[in-house]
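Note that ligands are numbered from 1 as they come in the structure, with each ligand's atoms numbered from 1 the same way.
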Amino acid sequence: MATPAQAKEVLKRFWIETPSWAYGNSGTRFKVFAQAGVPRNPYEKLEDAAQVHKYTGAAPSVALHIPWDKVESYSDLAKHAEGLGVRLGTVNSNTFQDDDYMLGSVCHPDPKIRAKAVDHLYECLEIMNETGVQDLKLWFADGTNYPGQDSLSDRQNRLAESLQKVYARLGKNQRMLLEYKFFEPSFYSTDVPDWGTSFAHCLELGPQAMVCVDTGHHAPGTNIEYIVAFLLRAKKLGAFDFNSRFYADDDLIVGAADPFQLFRIMHEVNMGGGFDVGTPVSYVLDQCHNIEPKIPAQIRSITNVQEAVAKALLVDHVALKKAQVAGDVLGGNDIVMDAYNTDVRDLLDELRAEQGIAANPKAAFDASGYVKKIATERVGGAQAGWGA
Ligand code: PSV
Ligand code: MN
């Protein structure tokens with residue numbers, strides 16, 4: 001069990017990456033509601049992300065999505081980030097928004113389309129080389145809608161072959177993070193539907209391939225913390241994409257739908273060494289803010305994650321082990337629930353005071369006038385959106 005002082009030390013070095021696309025407009029397939037002051041390009045997205053870091057002290061890195069964040073010069077973009085006190089993070093590939101990908105990308109039946117998708121992944125690696133970014137995140141919308149549409153096992157072979165090509169080009173310090181999702185946009189079969197499929201491909205590829213767990217990508221009722229514990233034990237948990245969901249891949253604010261689940265995940269992360277110095281686990285948000293203001297929503301996400309981490313750190317491990325070894329079912333459960341039910345708000349206030357930031361990051365941001373400033377300044381041009 002960490003003492004409050006030890007918990008604060010862990011939280012001081014714990015950081016979360018925010019996604020560039022969270023700052024742009026997004027919506028459902030029914031409507032995208034534009035918001036005043038939304039960034040018009042990747043440079044402005046970084047400026048908003050820097051605000052999240054300024055008020056939370058915990059979001060120094062920004063994930064890119066290519067081609068949504070395509071720019072002339074990525075080293076110039078990296079320099080811009082540096083000037084704002086943040087840095088470029090995970091490069092997310094996009095092989096799902098081109099007409100050619102209607103029947104898939106790296107699993108497509110046509111070798112020419114597969115080659116085009118692999119070329120895009122090489123392009124992402126080049127951006128990483130230019131900017132010093134370490135992680136390439138792969139999520140494939142590949143799958144089928146009807147039984148008989150394609151061979152499920154042939155698609156696995158094509159996937160393995162394409163992944164192998166990209167893996168072979170990874171630099172010494174680079175990693176490939178393979179994300180899974182059980183359905184959508186395909187509804188009959190998905191080529192990387194679950195952690196087991198991702199894990200099997202990553203094992204075959206080698207140590208630089210790891211699994212990315214997006215918390216919104218499971219069937220209802222799935223025990224995500226079990227997956228986390230399993231992958232940590234196997235040293236194959238590379239990253240999280242955090243968000244929360246009531247129904248499917250809702251991409252809502254992490255910790256909003258089920259804070260207890262987020263705590264349970266963080267408890268297993270802690271038990272598996274995921275908060276240790278030098279952990280290979282990256283903590284990234286993957287959310288869209290369709291009706292709520294975007295910068296405050298990212299700030300709320302960061303503080304929700306910190307709250308869950310703080311509670312997880314307060315679990316009394318020694319007493320828990322004792323109860324578990326003794327077969328004390330309710331005793332073990334009591335210890336975990338006791339930590340979950342602890343009010344950590346004072347601890348987080350103290351943490352922020354020690355970091356020289358306001359106790360309530362969202363209120364401090366709201367009071368800063370930044371929203372008004374960007375609404376006045378960012379006129380003209382096209383607002384960025386999910387997919388742009
Ligand atoms: C897919 O639903 C996903 O979770 C992947 O990470 C994508 O790259 C991201 O969403 C885009 O929003
Ligand atoms: Mn994701």
Please could you name the atoms of ligand 1 that Trp386 approaches to less than 4.0 Å, counting only its heavy atoms?
12 (O)
Sidechain N-carboxylate O distance under 4.0 Å for Lys181, Asp249
yes
Among the N/O/S atoms of Glu179, the Mn ion (ligand 2) lies closest to OE2
Would you name the N/O/S atom of Asp286 that lies closest to the Mn ion (ligand 2)?
OD2
With a cut-off of 6.0 Å (strictly less than), are more than 12 heavy atoms of other residues, nucleotides or ligands near NZ of Lys321?
no
Is Lys116 salt-bridged to Asp98, going by a charged N under 4.0 Å from an acidic O?
yes
Could you tell me whether a side-chain N or O of Arg13 sits under 3.5 Å from a main-chain N or O of Phe275, the two making a donor and an acceptor?
yes
Asp241 OD2 and Asp214 OD2 subtending at the Mn ion (ligand 2) (10° steps):
110°
For ligand 1, which atoms have a heavy atom of Trp21 less than 4.0 angstrom away?
12 (O)
Numbered atoms and elements of ligand 1 in range of Asp249, under 4.0 angstrom, heavy atoms
2 (O)
Please determine if Glu123 and Lys70 form a salt bridge, counting it only when a charged side-chain N lies under 4.0 Å from a carboxylate O.
yes
Salt bridge or not between Arg158 and Glu161? Use side-chain N to carboxylate O under 4.0 Å.
no
Taking the six-membered ring of Trp15 as reference, does the cationic atom of Arg87 (NZ for Lys, CZ for Arg) lie under 6.0 Å from its centre and within 45° of its axis?
yes
Here the atoms of ligand 1 under 4.0 Å from any heavy atom belonging to Lys181 are 2 (O)
For the 3.5 Å polar cut-off, considering only N or O atoms, please tell me whether Ser93 and ligand 1 meet it.
no
Below the 3.5 angstrom mark, is there an N/O of Asp214, backbone or side chain, next to an N/O of ligand 1?
yes
State whether Phe33 and Lys31 meet the cation-pi test: NZ (Lys) or CZ (Arg) under 6.0 Å from the six-membered ring centroid, and within 45° of the perpendicular axis.
yes
for atom 9 (C) of ligand 1, nearest protein heavy atom and its distance come out as Asp286 OD2, 3.4 Å
Is Glu17 paired with Lys137 through a side-chain N to carboxylate O contact shorter than 4.0 Å?
no
Does the cation-pi check pass for Lys311 over Tyr340, that is, NZ or CZ under 6.0 Å from the six-membered ring centre and within 45° of its axis?
yes
Between the main-chain N or O of Thr3 and the side-chain N or O of Gln6, is there a donor-acceptor pair closer than 3.5 Å?
yes
Would you check whether Trp139 has a nitrogen or oxygen atom less than 3.5 angstrom from a nitrogen or oxygen atom of ligand 1?
no
Provide the number and element of each atom of ligand 1 under 4.0 Å from a heavy atom of His217.
1 (C), 2 (O), 3 (C), 4 (O)
Please work out, at 4.0 Å between heavy atoms, whether the side chain, the backbone, both, or neither of Lys137 comes within that distance of ligand 1.
side chain
Is it the case that ligand 1 has an N or O less than 3.5 angstrom from some N or O of Asp251?
no
Answer yes or no for His65: is there a heavy-atom contact with ligand 1 below 4.0 Å?
yes
Would you mind telling me if ligand 1 is within reach of the side chain of Asp241, the backbone, both or neither, using heavy atoms under 4.0 Å?
side chain
Atom 5 (C) of ligand 1 has as its nearest protein heavy atom Glu179 OE2, 3.4 Å
